[in-house]
Visitor: 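I have a structure I would like to understand better, so I am pasting it below and will then ask my questions one at a time.
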Amino acid sequence: MSEINVFARHEIKYLIDYNQRKLMEEAMKEYMTPDPHGQSTICNIYYDTPDYRLIRHSLERPIYKEKIRLRSYGKVSSSDDVFLELKKKYHGIVYKRRIEISESIATAYMSGKATEGTSLWLSDERDRQIAKEIDYFKSFYDSLAPRVYLCYDRCAYFSKTDPNLRLTFDRHIRWRNTDMSLTADPGGLDLLERGYSLMEIKTAQGLPMWMVEILNKGNMKKASFSKYGKAYESILEFEKNQLKDNGKELYNGYFISEHNDRNINSSKFYDKLGGGLGAGSNNGPGPIL
């Protein structure tokens, strides 16, 4: 495989406005180079239990958390390769393992329509080991299903001197919980206000001094921001409003489990907020680390 499929690093997030982004982009010209692929639209499908066990646990900010997703770079066909990713965070370090397989096989496997043992489809020994971890994860968290589709436009940069230092800007972060397929057109409801970006610094070590100085100069503050978490909170808010409309009470945020077989129609949700939908709109232990 030409792709790097195992990562262990710190991921530091900043929610920044237009001027802060321009300040960082100008300062880093001397030290970083753009990804040769340029801007890309990253599409993801997050899998979870019927009661959203994974994301609820993650939002409690535990020492250890994990999630599983399918990822592609733009819209794909069923024969195109996608990434099946297992992402874990332990004591602030992010561990990501992924395998590259066709969209049709990945979707069938995650839906339970393919035989367990993804490793049988892979020739690389490291990929087979990753597949075993994914098999274990899938068997541990029973009833995993697609819960949220997320896409965003990303610009990525790499350090000219440190191969482990990477910086990304994500704009137009959109989510939906209908039409959850990587073969569908990207689109959904915006999570960020216009002009804002989510900046992520990914590093195996510390930050270079020039970057620390720019972060201080631009008053850029670390942010706890989970894209899937924010989408889930939007789902909660919509469900809460629905319960109020029906004269029901909310109990500790766990009413979603009462609607396991029904997804929220995100387009109706956006209409309720007064917006417009469109693709171009601005617990238990898991696998051992």
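Everything numeric in this text was worked out from a predicted model, so none of it was measured. Because only heavy atoms are used, hydrogens play no part in the values below, and waters and symmetry mates are left out as well, while side chains stay in.
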Visitor: Give a yes or no on whether Lys160 atom NZ has more than 12 heavy-atom contacts from other residues, nucleotides or ligands under 6.0 Å away.
Guide: yes

Visitor: Does one hydrophobic cluster hold both Ile173 and Met199, with members joined at side-chain heavy-atom distances below 4.5 Å?
Guide: no

Visitor: Is Val94 reachable from Ile12 through a run of I, L, V, M, F, W or Y residues, each pair having side-chain heavy atoms under 4.5 Å apart?
Guide: no

Visitor: Answer yes or no: is there an ion pair linking Glu25 with Lys22, defined by an N-O contact shorter than 4.0 Å?
Guide: yes

Visitor: Side-chain heavy atoms nearer than 4.5 Å, only ILVMFWY residues, links allowed to pass through others: does that put Leu167 and Phe225 together?
Guide: no

Visitor: Would Leu215 and Leu207 satisfy side-chain contact (heavy atoms from CB on, under 4.5 Å), going step by step from the backbone distance to the final call?
Guide: CA-CA 10 Å; Leu215 290 170; Leu207 303 184; 3.9 Å; yes

Visitor: Take a 6.0 Å sphere around OH of Tyr14 and say whether it holds more than 12 heavy atoms from other residues, nucleotides or ligands.
Guide: yes

Visitor: Which value, rounded to the nearest 0.5 Å, describes the distance between Ile101 atom CD1 and Phe83 atom CZ?
Guide: 11.0 Å

Visitor: List the atom of Ile214, the atom of Met220, and the distance in Å for their closest heavy-atom pair.
Guide: O-CE, 3.9 Å

Visitor: For the side chain to side chain contact (heavy atoms under 4.5 Å, CB included) test, which of Met24, Arg154, Glu200, Gln39 pairs with Phe169?
Guide: Met24

Visitor: With clusters defined by side-chain heavy atoms of hydrophobic residues (ILVMFWY) lying less than 4.5 Å apart, directly or transitively, does Ile201 cluster with Trp210?
Guide: yes

Visitor: Is the backbone N or O of Asp17 less than 3.5 Å from a side-chain atom of Gln20, with the two atoms forming a donor-acceptor pair by type?
Guide: yes

Visitor: Say you draw a straight line from CG of Asp190 to NE2 of His172; how long is it, rounded to the nearest 0.5 Å?
Guide: 7.0 Å

Visitor: Check Leu86, Ile134, Val82 against Ile99 for a side chain to side chain contact (heavy atoms under 4.5 Å, CB included) and give me the one that passes.
Guide: Ile134

Visitor: If you measure from the Lys or Arg side-chain nitrogens to the Asp or Glu carboxylate oxygens, is any gap between Arg56 and Asp48 under 4.0 Å?
Guide: no

Visitor: With no hydrogens and no angle check, is any side-chain donor or acceptor of His57 less than 3.5 Å from a backbone partner on Glu66?
Guide: no

Visitor: Identify whether the distance between the nearest side-chain nitrogen and carboxylate oxygen of Arg128 and Asp135 falls below 4.0 Å.
Guide: no

Visitor: Mind checking whether Ser143 and Thr49 have side chains closer than 4.5 Å, heavy atoms only?
Guide: no

Visitor: Which atom names give the shortest non-hydrogen contact between Lys88 and Tyr64, and what distance separates them?
Guide: CD-OH, 3.1 Å

Visitor: Can a salt bridge be assigned to the pair Arg9 and Glu11 using a cut-off of 4.0 Å between side-chain N and carboxylate O?
Guide: yes

Visitor: Check the angle between the aromatic planes of Tyr52 and Tyr232 and answer parallel, tilted or perpendicular using the 30° and 60° thresholds.
Guide: tilted

Visitor: Examine the side chains of Asp153 and Thr41 and answer whether a donor and an acceptor come within less than 3.5 Å of each other.
Guide: yes

Visitor: Can you measure from CG (Asn44) to CE (Met180) and round to the nearest 0.5 angstrom?
Guide: 13.0 Å

Visitor: Looking only at heavy atoms, which two atoms of Ala184 and Asp179 are closest? And how far apart?
Guide: CB-OD2, 3.5 Å

Visitor: Once rounded to the nearest 0.5 Å, what's the spacing between atom CG of Leu182 and atom OG of Ser78?
Guide: 11.5 Å

Visitor: Taking Leu165 as the starting point, is it possible to reach Leu198 by hopping between hydrophobic residues whose side chains are less than 4.5 Å apart?
Guide: no

Visitor: What pair of heavy atoms forms the shortest contact from Cys43 to Tyr149, and how long is it?
Guide: SG-OH, 3.4 Å

Visitor: Applying the side chain to side chain contact (heavy atoms under 4.5 Å, CB included) criterion to Glu103, which one of Asp81, Leu70, Leu84, Thr183 satisfies it?
Guide: Thr183

Visitor: Using a 3.5 Å distance criterion without hydrogens, assess whether the side chain of Thr203 forms a donor-acceptor pair with backbone atoms of Gln205.
Guide: yes

Visitor: Would a 4.5 Å heavy-atom cut-off, applied to side chains only, mark Tyr47 and Lys138 as touching?
Guide: no

Visitor: Counting C-beta onward and ignoring hydrogens, is there a side-chain heavy-atom pair between Ser226 and Ile55 closer than 4.5 Å?
Guide: yes

Visitor: So, taking the atom named NE2 in His10 and the one named NZ in Lys89, what distance separates them when rounded to the nearest 0.5 Å?
Guide: 9.5 Å

Visitor: Would you check, one step at a time, whether the test side-chain contact (heavy atoms from CB on, under 4.5 Å) holds for Arg98 with Ile130?
Guide: CA-CA 7 Å; Arg98 65 186 190 179; Ile130 297 171; 5.8 Å; no

Visitor: If you define the side chain from C-beta out and look only at heavy atoms, does anything of Leu150 sit under 4.5 Å from Tyr228?
Guide: yes

Visitor: For side-chain contact (heavy atoms from CB on, under 4.5 Å), just list the numbers for Arg71 and Arg69, CA-CA rounded to whole Å, side-chain angles, deciding distance to a tenth of an Å, and then say yes or no.
Guide: CA-CA 6 Å; Arg71 167 170 289 188; Arg69 68 191 177 198; 3.3 Å; yes

Visitor: Hey, could you give me the CG/CZ distance between Asn164 and Phe158, rounded to the nearest 0.5 Å?
Guide: 11.5 Å

Visitor: Are Arg21 and Cys155 packed together at the side-chain level, in the sense that at least one heavy-atom pair is separated by less than 4.5 angstrom?
Guide: yes

Visitor: Are Ser58 and Lys67 close enough that some pair of their side-chain heavy atoms sits under 4.5 Å apart?
Guide: no

Visitor: For a quick test of reading the model, state the closest non-hydrogen atom pair linking Gly74 to Ser72 and the distance between them.
Guide: O-OG, 2.9 Å

Visitor: Could you check whether any side-chain N or O of Asp80 sits under 3.5 Å from a backbone N or O of Ser77, counting only pairs where one atom can act as donor and the other as acceptor?
Guide: yes

Visitor: For Ile45 and Met110: C-alpha separation, side-chain torsions, deciding distance, then whether side-chain contact (heavy atoms from CB on, under 4.5 Å) applies.
Guide: CA-CA 11 Å; Ile45 296 175; Met110 288 303 297; over 6 Å; no

Visitor: For the side chain of Arg176 and the backbone of Gly187, is there at least one donor-acceptor N/O pair under 3.5 Å apart?
Guide: yes

Visitor: Can you name the closest pair of heavy atoms from Trp175 and Ser234 and give their distance?
Guide: CZ2-CB, 3.5 Å

Visitor: Within the structure provided, determine whether Leu54 and Phe137 are in side-chain contact (heavy-atom separation under 4.5 Å).
Guide: yes

Visitor: Are side-chain heavy atoms of Asp170 and Leu192 found at a separation under 4.5 Å?
Guide: no

